[in-house]
Amino acid sequence: MLEDEYQLDFFSENGFVRKQCSKCGSHFWTRDTERATCGDAPCDPYSFIGNPVFKKTFDLAEMREYFLNFFEERGHTKLERYPVIARWRDDIYLTIASIADFQPFVTSGQVPPPANPLTISQPCIRLSDLDAVGRSGRHLTTFEMMAHHAFNKKDEELYWKDRTVELCDELLNSLGVDPMAVTYKEEPWAGGGNAGPCVEVLVGGLEIATLVFMDLKQSKDGEIVIKGENYQKMDNYIVDTGYGLERFVWASKGSPTIYDAVFPNIVNELMNLAGIEHELDNSEYANILSQNARLAGLMDVSEKANLFELRKQVAFSIGTTVEKLSSIMEPVETIYAITDHTRCLTFMLADGVIPSNVKAGYLARLVLRRTLRMMKDMGITIPLSDIVKMHAHNLPEYPEFQEKLDVIEDILYHEERKFADTLERGKRMIQKSAKHYKEAGEKIPLDTLIEMYDSHGIPPEISKQAASEVGVDVDLPDNFYSLVAEGHSKAEEKEVKVFPYAERVSKLPKTKKLFYDEPTRMNFESVVLDIFDNHLVLDSTFFYPEGGGQPADHGTITVEDVVHKVIDVQAVGGVVVHILDEIKDESHIRKGDMAFGKVNEERRMAHACHHTATHIVNDAARKVLGDHVWQAGAQKFVDKARLDISHYKRISQEELNQIELIANRTVMENQRVTAEWMDRIEAEKKYGFGLYQGGVPPGSIIRVLKVADDIEACAGTHCVNTGLVGPIKMLKTERIQDGVERIEYAAGLAAVRAMQQMESYLSQSADALRVRPEHLPSTIERFFNEWKEFKKENQRLKEDLAHVHVMQMANEAVNIGDVRLVAAVVPNADIDELVKIAGELATNKDIVVLLASDSAGVKIAGAAGVDSLKAGADAGKLVRKMSEIVGGGGGGKPGMARGGGVDVDKIDEALEVGRNLLEEQISN
RNA sequence: GGGCUGGUAGAUCAGGGGAAGAUCGCUACCUUGGCAUGGUAGAGGCCUCGGGUUCAAUUCCCGACCAGUCCA
């Protein structure tokens, strides 16, 4: 990055000098001509701890208010915060910076900003430094990025670098920061395909703000190279600032850690619950924490080795041992982490993240389980929701937290129980396996630990502990988690569907989509713009292309009296491509030809019904289950449709019935369905991000569809009022992922057909049992019970029968050497019977039994008593040989075997062969 | 979106192509004044469901459903 980028008039007019840090070599601007270092860690240690840099102290609410007012007074529009879950984006789950609110469409210039310039305090969640939270004294999973943004265009500039730095300097001065102590360090910024010059603002060793001047975008031919990537200048350039609210509060208080500055009351309460004396007034104790924070500021403590180094240095400076220091620090650090993590959960859950095993929900569960484990370690036994409530009460400036508390409590209750179950199950598993290895005198292999974690969610530390309770040792390598990851890295090829004619299509003008204007019209005329193979592009069309979970229309297109079937329709960058089933010999379609289209009405109407029904069901589900319900996907078919929603437990039958009732009531109220093309930002302001439940559409103008109380950006075709949807019949629910429920239903004629189908199942079942449908449940229960009793009865009878046979047959035994053979055909006996008889006969020690029957082919059973076994008899081999004779196979153990075949005529032969083979066996 | 594990008695789980098992719990009886305990006997299983392979499937294969879990 060029040095010129940082030569600002503001600096030169205000007595700043550009210097190079004597330690790290980076350049920085300062008013202090004597200064040698840049002010950033590790070149400068924290000096603000115990020595606040502001005139007065602020808490979160005060600081936020001060900042926003400061920029509002200077011409910025104050904006409400966005959710911490990035609903308006499909590339990230969580909001990681204030600028994320405006990506991608505002930053790209496609969509005008909601206000310009603007100021906002955006809660952000970053889980990348999870291990450092609590330990470093400064890391948080959740923080608020206070910001002011200005979106400039080539010919329309609001302000740029000078004004931005000036505002920052003015803000700091107004807070009473010593101007000589502030440094602006040059640090080019790059991320997410953009880049630009940037200055970090440092006071007292702490980075409290970052001022990014985003004016570059990634480009292969770009001439500017940053961190190995090529960039070029953009036509629109953006002031992207980030002021850390929590860091400002920390700097104002000068407390040993950021946690003691941001949520001191909750930290204290949890310390009490854990029985830790957290007395910051105690100078010795405060000194330990301060030393720790100062040194931790200089290193990355998520690395185990660094943490040990930190401990060593702090222990040395206060004259104690690492062990002693660790025993003091670890519990305190854990409490800090719990406090932080629970605040993170408060934001996530209140903004509608449902803990789950996929997507953002997984991140919530990750944090949640981490927290539960730490609470257990610290002996904190109150429900997790109690801590979340503390945060909610602590943050009255977020009234939405209060409203959601009931649902949050319910979610947390479920999650806590679930995790307890998982751990319980895991403990049993590992101990069982531990016993196994103990007997073998071995350690538990690493593979087992990996499986415990990967497949069963048991952290290796817990496995180790559980195993040691049984007295088995476990080797736990430091790189455990990377070993787990290795097991996952078996390459997965992804098939990316590439539209074959994208290049050619991109040169065509966008197709006029007339199906929005006249949703009921099915016949139309248009002009052929282009055709390649069987892909036809028209000037305008009534064919709906696949999208938004709605399949493409089918129908016909006639050109020059030749009728072509349309089998698929796709939209490629605004151009609708009709895919024909075949190009016939007689068709000579040319550019400029008139084309006559006819859309298959039945298919279209079925899709429209199901699409409108989907919005109705979504609305009903939210009314029944709660506001946390969020569409996670949907698909429409001709005969049914399905909707996936986020919900933290199974939908009960009663709830489903309720949803069905409400949905059908909406239908009967025959409400108007309206669609309106709206400015994107305006729509977001008016309706919130619920708009994007069905996906995030591109562009500055979006189609806002209102069905009942459901308002979404939707490009599908719909019924013009809810009455046209017809009946909505719920078919089933399915849990496709933890935290995601799938509801399947049919609407319109499809619903009627579904009901008829169900009815026919019912009447067929009722007919079979010769009862009326309403008597089915009781009758079936009776039948089932009777069937079970008959089965038992049958079993008993067979045993009795076997007994009778045994008495007879034992007398008919023939002596062969030292053993007695019973060889007989038992007519009509099934295999179970044969086995029973044989088994019982063989309780006579010297008997060998060979039985056959002719039920359903040939069945053969053989058994041998213990003495006959000693004499050499092997029922397994006998039966195998005999079964071969009758064209089958068989086998078993020497004492008991079964087999069979198909050749009924050879039963006697088989018995004869068995007898001969037995003679051979015992003569050896 | 990708991957992994499991579904057997009321509970927790063994087993495994050739007569369904253990432990706890349950019922009855014995031991006791009563309970704890200790005996003895017994009840309780469409081995999740649907296909396939086989002479034979609870067991192997495919699919569905249910449950658990890791990762992007």
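Being a predicted model, the structure only gives us computed values, none of them experimental.
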- Item | Criterion side-chain contact (heavy atoms from CB on, under 4.5 Å) against Y745(A), the qualifying member of L656(A), I659(A), L643(A) |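 That would be L643(A); it is the only one of L656(A), I659(A), L643(A) passing the side-chain contact (heavy atoms from CB on, under 4.5 Å) with Y745(A).
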
Between [Y] and [X], is the closest basic N to carboxylate O distance under 4.0 Å?
X: R87(A); Y: D351(A); value: no
X: E424(A); Y: R428(A); value: yes
X: R370(A); Y: D131(A); value: yes

- Would you kindly compare L366(A) and A842(A) by the position of their nearest RNA chain B nucleotide and give the one closer to the 5′ end?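 Of the two residues, A842(A) wins.
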
- Message: For K788(A) and R428(A), find the nucleotide of RNA chain B closest to each by heavy atoms; which residue's nucleotide sits nearer the 5' end?
- Response: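 Between the two, 5'-proximity favours R428(A).
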
- How many angstroms lie between atom CG of L911(A) and atom CD1 of I860(A), to the nearest 0.5 angstrom?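 Here the interatomic distance stands at 7.5 Å.
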
Separation of atom [atom1] in [X] from atom [atom2] in [N], rounded to whole Å:
X: L851(A); N: rA19(B); atom1: CG; atom2: P; answer: 14 Å
X: E451(A); N: rG6(B); atom1: CD; atom2: C1'; answer: 10 Å
X: N785(A); N: rC46(B); atom1: CG; atom2: P; answer: 11 Å
X: Q795(A); N: rG44(B); atom1: CD; atom2: P; answer: 12 Å
X: D830(A); N: rA19(B); atom1: CG; atom2: C1'; answer: 13 Å
X: I831(A); N: rG18(B); atom1: CD1; atom2: P; answer: 13 Å
X: D91(A); N: rA72(B); atom1: CG; atom2: C1'; answer: 14 Å
X: M429(A); N: rA14(B); atom1: CE; atom2: P; answer: 9 Å

- Query: So what does K791(A) hit on the nucleic acid, given a heavy-atom distance under 4.0 Å: a base, only sugar-phosphate, or nothing?
  - Reply: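 If one applies the 4.0 Å heavy-atom cut-off, K791(A) turns out to touch nothing in the nucleic acid.
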
- Which part of the nucleic acid, if any, lies within reach of Y93(A) when heavy atoms closer than 4.0 Å are counted: base, sugar-phosphate only, or nothing?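 If one applies the 4.0 Å heavy-atom cut-off, Y93(A) turns out to touch a base.
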
Nearest-Å distance once atom [atom1] is located in both [N] and [M]:
N: rU8(B); M: rG44(B); atom1: C1'; value: 14 Å
N: rG10(B); M: rG52(B); atom1: P; value: 29 Å
N: rG6(B); M: rC13(B); atom1: C1'; value: 12 Å
N: rA43(B); M: rC26(B); atom1: C1'; value: 8 Å
N: rU23(B); M: rU59(B); atom1: C1'; value: 23 Å
N: rA9(B); M: rU54(B); atom1: P; value: 30 Å
N: rG25(B); M: rG39(B); atom1: P; value: 12 Å
N: rC4(B); M: rA56(B); atom1: C1'; value: 32 Å

Complementary nucleotide for [N] - Watson-Crick or wobble, under 3.5 Å:
N: rU59(B); result: none
N: rA67(B); result: rU5(B)
N: rC24(B); result: rG10(B)

- Counting N and O atoms only, with roles assigned by atom type, does the side chain of Q631(A) sit under 3.5 Å from a partner on the main chain of I645(A), one being a donor and the other an acceptor?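 A pair under 3.5 Å: no.
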
- Is the side chain of S853(A) donor-acceptor paired with the backbone N or O of A829(A) at a distance under 3.5 Å, no angle test?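 A pair under 3.5 Å: yes.
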
- Message: Any side-chain N or O of K432(A) below 4.0 angstrom from OP1/OP2 of rC13(B)?
- Response: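 Checking K432(A) against rC13(B): no side-chain N or O falls below 4.0 Å of OP1 or OP2.
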
- Task: Just say parallel, tilted or perpendicular for the rings of F689(A) and Y692(A), cut-offs at 30° and 60°.
- Result: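 Answer is tilted, since the angle falls between 30° and 60°.
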
- Taking the six-membered ring for Trp and the single ring otherwise, decide whether the centroids of F790(A) and W787(A) are under 6.0 Å apart.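 Between F790(A) and W787(A), the centre distance exceeds or equals 6.0 Å.
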
- Query: Nucleotide by nucleotide, 5' to 3', does protein get under 4.0 Å of the base (B), only the sugar-phosphate (S), or neither (-) in nucleotides 54-70 of chain B, counting heavy atoms?
  - Reply: -B---------SSSBBB

